[in-house]
Protein chains: 2
Amino acid sequence: MDLKQALDLLKKHGYKYTNKRELMMDIFLRESRYLSAREVLDQMQEDFPGLSFDTVYRNISIFEKLGIVEGTEWDGERRYRFHCNRDTHHHHIICTKCGRTREIRVCPMNAILGEPDNFEITGHKFEIYGICADCEGDHAPRH
Amino acid sequence: MDLKQALDLLKKHGYKYTNKRELMMDIFLRESRYLSAREVLDQMQEDFPGLSFDTVYRNISIFEKLGIVEGTEWDGERRYRFHCNRDTHHHHIICTKCGRTREIRVCPMNAILGEPDNFEITGHKFEIYGICADCEGDHAPRH
DNA sequence: ACCTTAATTGGATTGATTCCGTTTTGTAAA
DNA sequence: TTTACAAAACGGAATCAATCCAATTAAGGT
Ligand SMILES: [Mn+2]
Ligand SMILES: [Mn+2]
Ligand SMILES: [Zn+2]
Ligand SMILES: [Zn+2]
């Protein structure tokens with residue numbers, strides 16, 4: 001999934017092309033790590049000083065619905081990253097300092113299938129948290 | 001782990017015994033499902049009308065630190081339940097309507113061990129979400 | 001009973017997220 | 001290329017969970 005594919009996805013679902021949306025995707029794409037809404041806003045305001053929080057949240061919500069970004073939450077804040085692979089389902093090891101990830105190819109649900117009764121399964125979450133090599137020590141996280 | 005053990009844990013760590021703390025544990029114990037701070041407050045105010053949010057949050061935070069309750073988060077709200085078993089590590093299938101759980105005995109970390117390099121692991125989360133038998137359909141969740 | 005300190009209160013504050021009326025902009029039709 | 005209309009963005013207010021704080025109350029040891 002690249003920028004063009006994502007923009008096509010927007011168009012296919014009747015959303016308009018705007019330079020703000022393109023920049024937002026650009027940011028997610030080049031950072032390729034989990035970002036909070038505030039981090040996205042800060043980066044976007046370098047190009048669009050008056051940009052509103054509402055624009056960030058509205059577009060993130062659209063992006064998430066279309067599968068362009070995927071979200072999670074830690075330290076009481078939601079974070080989002082470019083959906084790294086739309087074909088194969090997998091999970092992540094996440095650095096809680098800088099939001100960078102490593103992939104876990106296995107999904108524990110495969111071992112669970114058939115197990116749960118009396119529950120209509122709607123989703124699952126498997127994440128490993130830690131500190132990446134660049135962030136360990138006292139120094140500020142390198143992005 | 002029962003009420004007495006939990007109260008002993010408090011005492012052992014130098015916290016005072018109060019009827020509010022006992023009631024709070026009582027509630028977690030008899031509900032044995034995930035509760036939000038607001039739900040705990042509402043139930044406690046039946047006995048202590050003037051009870052403050054701060055008391056709920058402060059005590060939850062102490063309970064979590066001592067391992068008396070365990071917390072998670074969904075729909076943008078933190079929730080807590082009595083720590084169901086202090087000896088064996090396991091995970092849960094959670095009903096996102098009523099907060100009741102079923103146990104998953106396996107932990108996917110066992111299969112991962114040895115895998116991750118360049119990451120100092122600090123924690124992990126494996127949860128399956130769904131709707132329990134009592135909550136499915138249109139009717140209100142039965143607690 | 002008294003003293004010291006922790007616990008609780010109640011109200012203010014923070015901070016993330018959502019909401020909303022107004023203005024601007026993208027896009028398709030004329 | 002203009003025009004028209006709906007969607008997007010703006011800016012600021014509102015919401016809501018969670019935290020903070022100064023003043024009061026209560027627990028537990030002496
Ligand atoms: Mn990935
Ligand atoms: Mn359990
Ligand atoms: Zn890192
Ligand atoms: Zn349920």
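In what follows, every chain begins at residue 1, and chains take the letters A, B, ... in the order their sequences are listed.
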Any side-chain heavy atom of [X] within less than 4.5 Å of one from [Y]?
X     : Y     : answer
B/E39 : B/E77 : no
B/R78 : B/E73 : yes
A/L10 : A/Y17 : no

Send over the distance from [X] [atom1] to [N] [atom2], rounded to a whole Å.
X     : N      : atom1 : atom2 : answer
B/D47 : C/dT8  : CG    : P     : 15 Å
B/D75 : D/dA17 : CG    : P     : 12 Å
A/Y15 : D/dA6  : OH    : C1'   : 14 Å
B/R78 : D/dT19 : CZ    : C1'   : 14 Å
A/E39 : C/dG15 : CD    : P     : 16 Å
A/L41 : D/dA9  : CG    : P     : 13 Å
B/I62 : C/dT8  : CD1   : C1'   : 12 Å
A/W74 : C/dA16 : CH2   : P     : 15 Å

Let me confirm one number: the NE2-CD1 distance from B/H91 to B/I93, rounded to the nearest 0.5 Å.
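Result: 12.0 Å between the selected atoms.
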
If you assign B/K11 and A/N19 each to the DNA chain D nucleotide with the nearest heavy atom, which residue ends up on the more 5' nucleotide?
A/N19

Residue closer to the 5' end of DNA chain D, A/F48 versus B/R38 (nearest nucleotide):
A/F48

Compare side-chain N and O positions of [X] against OP1 and OP2 of [N] and report whether any pair is under 4.0 Å apart.
X     : N      : result
A/K20 : D/dC10 : yes
A/R21 : D/dA8  : yes
B/Y57 : D/dA18 : yes

Using distance alone, with no hydrogens and no angle criterion, decide if B/T55 and B/R58 have a side-chain donor and acceptor under 3.5 Å apart.
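Distance-only check passes for B/T55 and B/R58.
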
Across the strands shown, which category fits [X] at heavy-atom distances under 4.0 angstrom: base, sugar-phosphate, nothing?
X     : value
B/F53 : nothing
A/R58 : base
B/N59 : sugar-phosphate

Between the base of C/dG26 and the side chain of A/T18, is one N or O donor paired with an acceptor at under 3.5 angstrom?
no

Distance criterion of 3.5 Å, no angle test: do you see the side chain of B/K16 paired donor-to-acceptor with the base of C/dT5?
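Yes.
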
Check every atom of D/dC10, C/dT17, C/dT9 against the side chain of A/T55 and return the nucleotide holding the closest atom.
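Among the listed nucleotides, the one closest to the side chain of A/T55 is D/dC10.
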
Closest listed nucleotide, where the reference is the side chain of B/L51 and the choices are D/dG11, D/dA17, C/dT9
C/dT9

